[in-house]
Amino acid sequence: MHDPLRKIDDLALALEELRLHVGPADLSVGDRKVNGLLYISLANACLRNRAALLYGGMGANKTTLVNLLGSAFTGLSFDEVENLMITGHPEQTEEKMVGFIDPRQWSCPPASSRPSGSGSSFLSEDGGAIKVLWTPWARSRWKVINEINRFPSGKQNLFLELLQKRKVGYAGETLEIGDTCYFATMNPDFSSTYPLDEALLDRISISVPATQPDFLAGLALAERKKEVWELAESLPRLTIEEFDALPGMVASVSLDSQVELAIISLLRDFTLCERAPAFDKTQLSGGSKPSRGLCAGCHYFNNPEVCCWQVDEGLSDRVRQDLRSYTRAISFLLGLGSSEGKIEVLRAVAPYVIWHRVSPNRTMLERPPYYGARRLEFVKDLVEKSINRTLNERGEMNMIFARAVDGEISPREAAERLSENDDPIARLDYMRALERMV
Amino acid sequence: MKLSGFMDQAYGGKVREKKRLDEKRGEFLLGFEDLAKRLKERPKRAEVEELAPKEAGSIVDLVVSATPKGRREETIWGILSSLAAERLPTPLVMPPKNYAGLELRGGTIILDENAPAAGLKAKSSEVAARTARMRAHHLGEKMSGGRLFVRGRAGDYLGQEMRGGGIVCTSCGDYAFRNMAGGWGVVRGDAGNYLGVGNSGGRIAVKGRAGARAGWLMRSGRIRLGKDAGEYLGIMMSGGAISVGGRTGARAGWRMKGGLIVAEGYGDEAGAEKVGGKLLRREAP
């Protein structure tokens with residue numbers, strides 16, 4: 001087996017040289033800059049059972065890029081990968097996407113004389129197992145949902161069960177497909193699109209904006225001489241073994257304590273709320289959110305250092321898993337597997353994992369430099385604040401709490417010392433834990 | 001691994017003690033509209049002062065960038081302009097707007113029609129010129145100290161209810177220095193109607209003319225007019241002194257109960273129905 005990482009590097013180079021994907025180096029990881037759309041898509045291709053959403057206006061190379069990567073990672077031709085894709089529209093149904101009951105089974109001889117089905121367990125009226133014909137998309141381990149926000153809201157619920165899963169179910173039958181790569185694309189809100197449900201957005205692990213080619217990229221694209229499908233034949237391809245080996249290679253990248261601590265603190269910064277049930281913002285419903293006046297009079301409100309009042313939603317534990325996975329994957333892709341500096345990877349990746357899951361405070365978002373539109377930049381700034389606070393200012397309180405948990409000091413003493421601290425994590429998380437320990 | 005070992009690893013043994021959240025740094029404001037939103041319907045000066053930034057520069061930024069709409073926001077803006085002037089070591093120079101210098105206690109405000117205004121930048125030059133020509137009302141209202149210089153014409157209610165400090169302007173509209181209890185006002189041109197109505201103190205000097213009913217219900221204080229006065233000068237006044245450099249209009253000192261009016265000449269029915277006070281004629285030089 002060749003080194004898959006080297007092949008992926010060759011693939012990234014080939015995509016640019018063949019003018020199949022040219023984009024700005026907009027993802028900064030420490031001193032290194034790479035194209036965010038490409039590297040986040042590559043990272044998702046190295047992981048399994050995570051879903052990446054490519055978000056942007058029409059013609060921004062979202063679907064083509066995903067299909068090109070699909071072709072390179074699965075070894076299929078570009079056309080074959082394109083055929084596997086499903087596209088959102090109001091007439092799309094579960095039967096067309098996943099599979100349907102084979103009608104031939106009722107016009108055949110009785111079940112006892114039929115050859116056995118494909119692992120069926122659900123029995124039909126005559127006692128035989130129901131046979132489901134699975135679509136190529138359902139059977140594929142490279143699943144692309146094109147234009148996901150063109151599915152009507154009700155039909156979007158179907159993906160709650162599908163995304164991030166290793167199996168597909170229909171009519172009581174289950175198709176075990178194994179670890180799968182999920183990609184989705186969507187446009188901004190247009191006249192024929194539907195808003196995505198919060199639960200579905202939470203199942204989307206990472207979202208990356210796709211922008212139109214800039215001037216230089218436009219010139220580069222003008223040099224493309226052949227059709228995309230023809231050029232796709234020239235891309236380096238991974239073997240099945242290499243494709244299957246990728247998740248293990250990513251998992252072998254270790255995250256140091258600093259990154260783990262920053263991830264947990266980041267989640268708590270977004271989730272903790274003094275006024276929410278159990279201090280958990282994910283428990284809040286429509287009318288009681290920070291944007292609906294929940295924070296009026298709260299002493300954290302309007303403090304720019306604190307994240308809680310600046311976004312409506314808390315972050316689920318899926319975010320923690322996604323942050324760990326994508327930090328590992330990007331570290332792997334950039335060859336930072338064994339070196340330090342993964343905190344810089346986390347800084348770069350975290351906004352893309354979070355920004356589609358939260359609704360920023362409108363007043364803050366509408367101010368310069370965000371102008372109501374630069375939501376990703378807004379979340380980037382919040383992430384930066386949270387990580388910097390954890391690294392630079394939470395050391396003392398974290399050490400006090402840790403010593404109390406380890407029994408080096410009494411919980412009462414720790415609580416007394418932490419009571420002087422106004423940090424939300426100290427007040428709402430640590431103090432409660434210490435009270436339980438007393 | 002123990003949690004303290006995990007934390008030790010995370011911080012590499014370097015723990016900073018500085019905690020920014022512990023510091024009280026005043027309210028974080030997103031701009032004038034944000035400040036206005038967080039105040040009640042009729043905010044007092046103390047409430048505005050509590051929410052406003054502590055640094056003079058930040059208040060000035062807020063004042064210059066604001067475009068107050070409606071009476072409520074104008075009064076908040078007026079108080080902010082006074083707070084800025086009080087905290088600045090140099091005079092605050094800005095274009096005139098309604099309620100500038102409201103409840104001013106110290107410092108100096110210079111209202112200059114030609115001073116740059118952030119809010120006018122985006123407007124066309126014609127709109128900007130028209131805005132500049134509009135007279136600002138309620139300037140220096142309720143002030144108790146400091147100085148207010150208006151380079152141009154002041155609107156109505158200039159220095160209303162002032163208790164101290166001084167105002168200088170080129171000319172003013174109606175109800176200037178109404179209910180004045182202290183301080184002084186200088187108008188270098190003409191004043192409108194109802195100058196110094198209900199005054200119980202203070203001094204007013206107008207170099208030019210004054211309109212009708214100057215010194216109406218005046219109880220104390222002084223008014224000096226350089227040129228002629230309109231009709232009903234000092235009507236129903238009970239104290240104080242009015243001096244007119246030229247002639248008064250009709251019915252000067254009508255139903256007067258006290259005080260003194262001195263003029264070079266009087267119109268018809270001067271001192272009609274007078275019960276007290278004096279009307280004196282100044283000898284022409």
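- Heavy atoms from other residues, nucleotides or ligands lying under 6.0 Å from CG of Asp31(A) number 12 at most.
- Other residues, nucleotides and ligands contribute only 12 or fewer heavy atoms inside 6.0 Å of the CD atom of Glu416(A).
- Ile409(A) CD1 to Ser4(B) OG: the interatomic distance, rounded to the nearest 0.5 Å, is 10.0 Å.
- Side chain of Asp406(A) to main chain of Lys2(B): no donor-acceptor pair is present (N/O by atom type, distance under 3.5 Å, no hydrogens or angles).
- Counting only heavy atoms from C-beta outward, the side chains of Met7(B) and Leu261(A) approach each other to under 4.5 Å.
- Applying the 6.0 Å contact sphere to CZ of Arg188(B) captures no more than 12 heavy atoms from other residues, nucleotides or ligands.
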Exercise for review: Apply side chain to side chain contact (heavy atoms under 4.5 Å, CB included) to the pair Leu3(B) and Arg403(A), showing each step before the final yes or no.
Suggested key: CA-CA 7 Å; Leu3(B) 188 56; Arg403(A) 289 179 65 200; over 6 Å; no

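- Counting only heavy atoms from C-beta outward, the side chains of Asp8(B) and Met399(A) approach each other to under 4.5 Å.
- The number of heavy-atom neighbours closer than 6.0 Å to CZ of Arg412(A), taken from other residues, nucleotides and ligands shown, is 12 or below.
- Residue Tyr11(B) touches chain A through its side chain alone, counting heavy-atom pairs closer than 4.5 Å.
- In this structure, Arg151(B) places its CZ atom where only 12 or fewer heavy-atom neighbours from other residues, nucleotides or ligands lie under 6.0 Å away.
- The two residues Ala10(B) and Ser257(A) have their closest heavy-atom pair at N-CB, 3.7 Å.
- Ranked by non-hydrogen atom pairs under 4.5 Å with chain B, the options Val259(A), Thr390(A), Asn398(A) are led by Asn398(A).
- Annotation for Lys289(A): atom NZ counts as buried by contact number, over 12 foreign heavy atoms lying within 6.0 Å.
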